[in-house]
Amino acid sequence: MMRYSEMFLPTTKETPSDAEIVSHQLMLRAGMIRKLTGGIYTYLPLGYRVIRKVENIVREEMNRAGAQEVFMPAVQPAELWVESGRWDMYGKELLRVRDRHNRDYCIGPTHEEVITALVRDEIQTYRQLPRNLYQIQTKFRDEIRPRFGVMRCREFGMKDAYSFDATEESAEESYRKMFDAYTRIFTRCGLSFRPVEADSGNIGGSFSHEFMVTADSGEDAIVSCTSCDYAANLEKAEISRPEEETGHDHAMEYSPTEEVHTPDVRTIEEVCTFLDVAPRDVVKTMIFMCDGEPVAVLVRGDEDINEAKLRNYLECDSLELAMDDTILEVTGSPRGFAGPMGIKSRIIADYSLMNMKNFVVGANREDHHIKNCNSGRDFEIKDYADLRIIREDDVCPRCGEKLRIVRGIEVGHVFKLGVKYSKAMNATFLDRDGKEKHMIMGCYGIGIGRTAAACIEQSHDEDGIIWPMSIAPYQVIITPVNINDEDLSDAAEELYNSLIAEGIEVILDDRNERAGVKFKDADLIGIPIRVTVGAKSLAEGKVEVRFRKSGEVEKIPLETIRDFITKTIMDQISISCG
RNA sequence: CGGGGCGUAGCGCAGCCUGGCAGCGCGCCUGCUUUGGGAGCAGGAUGUCGCAGGUUCAAAUCCUGCCGCCCCGACCA
C-alpha cells in the first residue's frame, strides 16, 4: 500500500514552540496536521487516515444502533436560524456570510435547524417515527480563542445525530441507544473515558451526558465518586441539602448584632483580615440581574456561586452580575457592602448558609459590615437551594462517599432536546389519537479530530504517539535496516507484498536512511507493530517484531510471520465492548 | 474585547538596545565515506527581515499605522 520513500509524511525532530499540549506537538511532529490559519488545520495523509479510522468506527456503531447517515449542507440560510430564534441568540461564534444577492447565511456550527426543517416536511405521522439521522461533517464555530491544535479549533469534523420520537418513552429509548453506541465507539477507539452528567440548560425535563476522556490536559473538570458510579461535570455536580441541626434552641446562641465601621473593606479576604474571622464565618452577598430583575444570592464566604445552577433554579434566560448602579439601587451602598438585612430584592441562599450562626454580612451602608447576623432573627430566607460550585471535599450526592475531581476532554455529548426546536420550527406529526404533536428530539455529537487528539493525550511516550490498533494510520511498518543490502531489501519487499495480500495496512520504510532515523520515525508516528529486517536475524531465517506499546521484541521465523501479524492485529482490533 | 509577547531562509532562533556586509543550528542539494536508535567530511543553494508609510547619507534595527500569530484574562455552548 505504501512505500515510505514515496509518502507525503513530513516529520520533524524539533517540537514547534507554539504547541502547548502533547497531542498538538505530536500531531505536528508526526506529520499529521499543519495549520492553515488560526484554528484551521489541514490533515495530511497520515492524520487523515486516523480521522477516517475514527469516522468508520463511528459510522459502524451508529448504523448498528439504527441511525441512518445523511449529508447536510455546511452553508445554511439565515431564515432557518431566525425561525429557531438562534440567529440573534447564538452570538459571535456563528460565522455569518452574505451572498452576491446580499442574503444572509451562516456556516453551520451545528445542524438542528436544517434537520428539523427536513424532517417536518417529510414526516407526518407517528407511523414514520422514531427516526435517527446522522452525518459526519465539517462544522465551523468562530471560537473566541482557538488553541491546543485540533482540540479546540474553529473548523472541525463532527458526527452529529438527531433523533425524532413520538413519545417520551421512545425518546428515552433513542437516547439510551446513543448512549450505548457512544460507549462502544470510545471503547473501540481504545480510550479511557467516562460518561458524566452534564447541565442541560433550562429545558424542562431534559437530560444530558458528556463523554469525557480523562486527561490532565483536559479543559473540563469532572467530579466522580470514589465509591459509586456517580460522575458529573463541575457545572452539574450536585450538592445535597445538609441536615438541619436540631435538638437545641438556636436563639439561645445568637449574639446581638453589631454594626462595625470597615473603611474600604470590600472583599471576603479584606473582611476576614480586618475583623479577624475566617471566610466560613462570612456570608457573601452577590447581586445578579435575572431577566432584568435583581436577585440577591447568598453563599458562605469560602464558597463560589455556580451560575449554571443559579440560572436553572431561577429558570431565567439571561443572568449576569449586576452593574454598580443596580447595586446602589438595591442595597443603598456601593459595591462591596451588600448584605441581606434590609435589601430591596428577592433573597435566595445556598445550602451552605444553613446552620450558620453569628455570621458577618455587609451592612448595605458604605464602609460598614454587620457582625453576629442570624437568619430568622435578622432577615428571612425563604429559598434555600444548591447554588455553589462543588469542591473535592464535598461528598457524593448519591451515596455520601468521597469525591474526586479530575480533568477531562469532552469527546462526545448526548442531549435530550425535547421539543425546543420542533416547537420553534413547527415540526409536528399526527399521533395515533388524531392529535397534532411536536416531535421529541435528541441530539448527539462526537468531535472526530478531538477524539484522535484525546487518544494521543492518553497514549504516548517520550518517543511519540502510541496508536491503538483500531485507529492506527497503519498497522505495521517494515524496517529493513539497510536498504542497500539486497538480501535485506528483498526480504522486506517480499514480506511487504505478502502482508498487502492479507489486506494488512503496512508501510515499507524503503528510504535510504540509517536505521536510527527509521526507528525514530516509526516510534514518532506510532505504528503499533514494527518488523525489523536485519542481517543477523535474517541469517537465522527470522525477523524481529517490536510492539510500539510495550517495547517487547520477538524474533519470528519468516514462514510464520504473516500469520503471526494477522493474528496479532485481529486480537487487538476485536476489543470486547461489554 | 483588555493585558503581554512575537513576526528575520522550509523549521527553530540570534542580530534590534547603541542605524553601517543578513547570520547560526536543523533541514535541503552534490560528492565521498558510513549504515541496528535522529552519521562524518567536503562543497553548495535558499531572504519582500510581516505589510505600508515616515525619519536618515544609510533602516531588520528608530517612529507611526495596519496585518498575522502565540500566551494570560474576560466572554460564550
Side-chain angles (χ1 to χ4, degrees), chain A residues 10-21 24-25 28-31 34-41 86 88-95 109-110 112 139-149 152-154 156 158 160 198-203 206 208 210 219-220 233-236 307-308 311-312 317-321 410 413 415 417 420 443 445 447 461-464 477-489 492 509-525 530-539 542-544 546 548 551 553 555:
Chain A
T11 58
T12 65
K13 220 186 300 191
E14 290 174 64
T15 302
S17 59
D18 57 356
E20 290 269 297
I21 60 172
H24 189 195
Q25 293 168 354
L28 288 166
R29 285 192 56 208
R34 287 293 181 265
K35 183 168 72 180
L36 179 62
T37 182
I40 299 180
Y41 288 84
R86 290 208 288 185
D88 294 322
M89 291 299 289
Y90 210 90
K92 290 184 189 150
E93 263 186 38
L94 187 64
L95 181 66
T110 176
E112 280 85 6
K139 305 276 193 257
F140 195 96
R141 294 182 188 170
D142 201 354
E143 286 285 342
I144 196 159
R145 187 143 92 84
R147 60 187 129 173
F148 304 142
R152 177 170 288 284
C153 50
R154 298 196 293 172
F156 59 99
M158 181 171 166
D160 48 323
D199 180 45
S200 57
N202 54 2
I203 310 162
S206 297
S208 164
E210 289 170 349
E219 288 190 271
D220 301 301
N233 70 16
L234 253 210
E235 278 191 342
K236 168 78 178 178
E307 286 193 34
R311 186 187 303 266
N312 289 340
D317 291 326
S318 82
L319 181 75
E320 55 197 0
L321 276 171
E410 181 190 347
H413 198 162
F415 202 115
L417 285 172
K420 180 175 175 181
C443 70
D461 62 18
E462 59 282 357
D463 290 316
I477 182 165
I478 302 170
T479 308
V481 157
N482 181 355
I483 206 74
N484 299 314
D485 180 328
E486 269 189 37
D487 290 342
L488 297 187
S489 57
D509 194 348
D510 59 340
R511 293 176 299 168
N512 187 15
E513 290 284 357
R514 297 165 65 85
V517 173
K518 298 188 189 185
F519 293 156
K520 287 289 183 190
D521 275 331
D523 287 349
L524 176 60
I525 65 178
R530 187 183 85 203
V531 182
T532 311
V533 183
K536 271 186 212 154
S537 298
L538 195 61
K542 290 179 179 172
V543 290
E544 289 167 32
R546 185 177 194 273
R548 177 67 180 88
V553 177
K555 289 194 178 186

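Just so it is clear, the structure is predicted and the values come from calculations on it, not from any experiment. Letters go in sequence order (proteins before strands), and every chain restarts at 1.
- The separation between A:D523 atom CG and B:rG36 atom P is 16 Å, rounded to whole Å.
- Spacing between B:rG20 and B:rA52 at atom C1', rounded to whole Å, works out to 24 Å.
- Across the C1' atoms, B:rG23 and B:rU8 are found 10 Å apart, a figure rounded to whole Å.
- Not a single donor-acceptor pair under 3.5 Å links the side chain of A:E93 to the backbone N or O of A:R141.
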So which protein N/O to nucleotides 27-29 of chain B N/O distances come out below 3.5 Å?
none

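- With sequence neighbours left out, the side chain to side chain donor-acceptor pair (under 3.5 Å) criterion links A:R511 to A:D509, A:D521.
- When the C1' atom is used for both B:rU46 and B:rG65, the distance is 32 Å, rounded to whole Å.
- As rounded to the nearest Å, B:rC49 and B:rC11 have P atoms that lie 15 Å from one another.
- Partners of A:D142 according to the salt bridge (charged side-chain N to carboxylate O under 4.0 Å, His left out) rule, which considers only residues two or more places apart in sequence or in another chain, are A:R154.
- Residues meeting the salt bridge (charged side-chain N to carboxylate O under 4.0 Å, His left out) test with A:E513, sequence neighbours left out: none.
- Applying the salt bridge (charged side-chain N to carboxylate O under 4.0 Å, His left out) test to A:E112 and every residue at least two apart in sequence or in another chain returns A:R86.
- You'll find that the side chain of A:A515 is closest to B:rG36, out of B:rU35, B:rG36, B:rG38.
- Straight-line distance between the P atoms of B:rG2 and B:rA14: roughly 28 Å, to the nearest whole Å.
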_Base contacts versus sugar-phosphate-only contacts with protein, heavy atoms under 4.0 Å: please encode nucleotides 4-10 of chain B as B, S and - from 5' to 3'._
-------

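- Looking at heavy atoms from C-beta onward, A:L28 lies in side-chain contact with A:R34 at the 4.5 angstrom threshold.
- Under a 3.5 Å cut-off, the side chain of A:R530 and the backbone N or O of A:I478 do not form any donor-acceptor pair.
- Counting only distance, with no hydrogens or angles, the side chain of A:K518 and the backbone of A:P480 share a donor-acceptor pair below 3.5 Å.
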*What string of B, S and - do you get for nucleotides 70-77 of chain B 5' to 3' if you count protein non-hydrogen atoms under 4.0 Å?*
SSB-BBBB

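- Applying the side chain to side chain donor-acceptor pair (under 3.5 Å) criterion to A:E20, with sequence neighbours excluded, gives no partner residue.
- When Watson-Crick and G-U wobble pairs are counted only if both distances are under 3.5 Å, B:rG68 pairs with B:rC6.
- A:D160 is linked by a side chain to side chain donor-acceptor pair (under 3.5 Å) to A:Q135, A:K139, A:Y162, counting only residues two or more places apart in sequence or in another chain.
- Taking a pair to require two hydrogen-bonding distances under 3.5 Å in either a Watson-Crick or a G-U wobble arrangement, B:rA39 pairs with B:rU33.
- Spacing between atom CD of A:E486 and atom C1' of B:rU35 amounts to 16 Å, rounded to whole angstrom units.
- Within the 4.0 angstrom heavy-atom criterion, no nucleotide atom of any strand lies near A:R34.
- Counting to the nearest Å, the C1' atom of B:rG12 and the CG atom of A:L28 are 13 Å from each other.
- The side chain of A:R514 lies closest to B:rA39 when the candidates are B:rG37, B:rG36, B:rA39.
- When both distances must be under 3.5 Å, the Watson-Crick or G-U wobble mate of B:rU55 does not exist.
- Comparing the same atom, C1', in B:rA58 and in B:rG12 gives a spacing of 31 Å after rounding to whole Å.
- Legend: residues meeting ring pair (Phe, Tyr, Trp, His ring centres under 6.0 Å) with A:F519, ordered by chain and number and at least two apart, are absent.
- Side-chain to base pairing of A:N484 with B:rU35: one donor and one acceptor N or O lie within less than 3.5 Å of each other.
- Side-chain contact between A:K236 and A:S208: absent, with no pair of heavy atoms (C-beta onward) separated by less than 4.5 Å.
- Looking at residues two or more places apart in sequence or on another chain, you find a side chain to side chain donor-acceptor pair (under 3.5 Å) between A:D461 and A:R548.
- In a base pair of the Watson-Crick type (N1 to N3 plus N6-O4 or O6-N4) or a G-U wobble (N1-O2 and O6-N3), with each distance short of 3.5 Å, B:rG73 is matched with B:rC1.
- Atom CG in A:L488 sits about 13 Å away from atom P in B:rU35, given to the nearest Å.
- Listed by chain and number, the residues in a salt bridge (charged side-chain N to carboxylate O under 4.0 Å, His left out) with A:K520 are A:D463 (sequence neighbours excluded).
- Atom CG of A:L36 and atom C1' of B:rC69 are 13 Å apart (whole Å).
- At a cut-off of 3.5 angstrom, counting only N and O atoms as typed in the model, there is no donor on one side facing an acceptor on the other between the side-chain of A:D463 and the base of B:rG37.
- Between the P atom of B:rU35 and the CZ atom of A:F519 lies a distance of 15 Å, rounded to the nearest Å.
- Evaluation of atom-type donor-acceptor distances gives no pair under 3.5 Å for the side chain of A:N482 against the base of B:rG36.
- For B:rU46, there is no paired base (Watson-Crick or G-U wobble, both distances below 3.5 Å).
- Nucleotides B:rA60 and B:rC17, compared at atom P, are 12 Å apart to the nearest Å.
- Residue A:R546 places a side-chain atom within donor-acceptor reach of the base of B:rG37, judged by atom type and a 3.5 Å distance cut-off alone.
- Using P as the reference atom, B:rG44 and B:rC66 are 46 Å apart when rounded to the nearest Å.
- Base contact: A:D521 has a heavy atom under 4.0 Å from a base atom.
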